[in-house]
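First comes the structure, then the notes that go with it.
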Amino acid sequence: MDETAPGGVYLCQVNENLSCGACCGLYNIPDLSREKLSRMLSERTEAFVKVPREIDAILEFGNNLLSAENKKRPFPEFYHCPYIGLIGKGRTRPGCLLHPESDGNNGVDYRGLGYYGSMTCNIYFCHSHTELSENYKRIIRGSSRDWYSYGLIITETALINAFLSETENRIQRKTDEKDIYRNPGFTCAVREFINLKLTWPFRPSSVTPANYFFKDKLYERKTVDYAGINSESVSLRHDAIFREFGSCFKSDEEVRKAGMIIELLWEKLQKGADNYEYC
Ligand code: SF4
Ligand code: SF4
């Protein structure tokens, strides 16, 4: 149990390859492909190495980046901080370039120069810390393979809760972190679920896979429009998941296919949870 994080599980910096920067606006950029985002962070980090640690130089760096980068953000009223870069020994995960422990800062906290100010950046914890149960947080953390997909899913509390609570209905017990350590089949199925966030075939290309998770309701997910769809094809169990994936369906057949994708995952999780032959 991590006493420093609300809810007992720290979600922001997990290990050398896993971290999230969603509240810094990491995903609030027009082209959210893994390649584009990785390249952007890498180039930004390289450039910041050469910036003298002086107030004017740091501010100029941030301002230049913001004016050079495409401002057509999916959530125009949300920020994208120019100081989110790559951190760690091999620069393998996103993190704050102004943090006192980041390269070149010699223990000085420069976060006060960012848009939110040092205090906010230091104490903010998103609602995933408190709205996801400890076991769900551990399951998502433990199953995630890379920062890119982890950061896209970890703020999706409604989606994770809908998916894992129905998983528990199917296996007729609480899920447990041990499910992912004991059984690769279970882990793979959770990973497939995590990856659906990006690959979900029923989200129109105009809808970003990024999540605006603040509570001001500025960019709430729309309810799924089932007009023209036979109500028998719609299952309430699936509806919350469809909505959180940003789905838009053109036919009964598409709704059925979407339901089958989710059902198949639940079957895999059930088999994985019941089958410890991999132990
Ligand atoms: S969005 Fe949540 S998990 Fe991600 S860095 Fe911010 S506080 Fe941490
Ligand atoms: S200054 Fe604050 S918002 Fe910007 S990257 Fe650092 S922690 Fe995130």
Side-chain angles (χ1 to χ4, degrees), residues 2 4-15 17-29 32 37 40-42 44-45 47-48 51 53 55 57-66 69 73-75 77-88 91 93-105 108-134 136-142 144 146-161 194 197 209-216 219:
D2 187 336
T4 62
V9 181
Y10 187 48
L11 298 174
C12 309
Q13 296 287 326
V14 179
N15 60 39
N17 299 312
L18 220 59
S19 68
C20 170
C23 57
C24 308
L26 175 64
Y27 299 102
N28 192 22
I29 58 169
L32 200 42
L37 191 53
M40 185 190 81
L41 292 178
S42 177
R44 182 181 292 187
T45 306
F48 193 66
V51 173
R53 296 314 193 250
I55 294 174
I58 293 173
L59 289 175
E60 189 185 2
F61 172 86
N63 290 336
N64 287 346
L65 267 188
L66 286 179
E69 283 174 5
R73 295 187 187 119
F75 310 117
E77 292 177 69
F78 176 38
Y79 196 52
H80 168 84
C81 183
Y83 302 109
I84 180 100
L86 293 176
I87 61 165
R91 294 184 186 156
R93 65 182 194 278
C96 179
L97 297 176
L98 303 184
H99 192 280
E101 286 173 30
S102 288
D103 274 358
N105 294 346
V108 179
D109 186 352
Y110 291 104
R111 288 175 295 178
L113 301 174
Y115 177 76
Y116 295 114
S118 180
M119 176 75 97
T120 305
C121 293
N122 200 23
I123 62 171
Y124 177 76
F125 286 101
C126 68
H127 60 269
S128 299
H129 285 89
T130 47
E131 290 181 12
L132 294 174
S133 63
E134 205 175 315
Y136 290 5
K137 286 182 277 194
R138 291 191 191 284
I139 284 170
I140 298 294
R141 272 188 6 166
S144 293
D146 64 276
W147 64 260
Y148 179 74
S149 52
Y150 172 73
L152 277 173
I153 195 86
I154 196 60
T155 62
E156 296 279 0
T157 51
L159 177 63
I160 294 170
N161 279 329
I194 291 169
K197 185 76 210 313
N211 184 23
Y212 182 82
F213 49 88
F214 302 95
K215 297 290 190 185
D216 53 18
Y219 304 98

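Both counts, for ligands and for their atoms, begin at 1 and track the order of listing.
Counting heavy-atom neighbours within 6.0 Å of Y116 OH, excluding the residue itself, gives a total above 12. Heavy-atom neighbours of I55 CD1 from other residues, nucleotides or ligands within 6.0 Å: at or below the threshold of 12.
When all heavy atoms are compared, the tightest approach of P94 to L26 is CG-CD2, 4.0 Å.
With sequence neighbours excluded, the residues forming a side-chain hydrogen bond (donor to acceptor under 3.5 Å, both in side chains) with D109 are R111, S118, listed by chain and number. Partners of E134 by side-chain hydrogen bond (donor to acceptor under 3.5 Å, both in side chains), not counting sequence neighbours, listed by chain and number: R138. Applying the side chain to side chain contact (heavy atoms under 4.5 Å, CB included) test to E101 and every residue at least two apart in sequence or in another chain returns H99.
For the pair H129 (side chain) and L11 (backbone), a donor-acceptor distance under 3.5 Å is present.
Between Y212 and F214, a ring centre-to-centre spacing shorter than 6.0 Å is recorded.
Every atom of ligand 2 with a heavy atom of Y83 under 4.0 Å away is listed here by number and element: 5 (S). Within the listing of ligand 2, atoms 1 (S), 3 (S), 4 (Fe), 5 (S) sit less than 4.0 angstrom from a heavy atom of C81. Annotation for ligand 1: atoms under 4.0 Å from non-hydrogen atoms of F213 are 1 (S). Which parts of ligand 2 touch I84 is read off a 4.0 Å heavy-atom cut-off, strictly below it: atoms 5 (S). Using a 4.0 Å cut-off to heavy atoms of C121, the atoms of ligand 2 that qualify are 1 (S), 2 (Fe), 3 (S), 7 (S).
A donor and an acceptor atom, one from each side chain of D146 and S149, are located under 3.5 Å apart.
No part of Y79 comes within 4.0 Å of ligand 2, judged by heavy-atom distances.
Counting only heavy atoms of the protein, atom 6 (Fe) of ligand 2 lies nearest to C96 SG, 2.3 Å.
For atom 6 (Fe) of ligand 1, protein N, O or S atoms under 2.8 Å: 1 in total.
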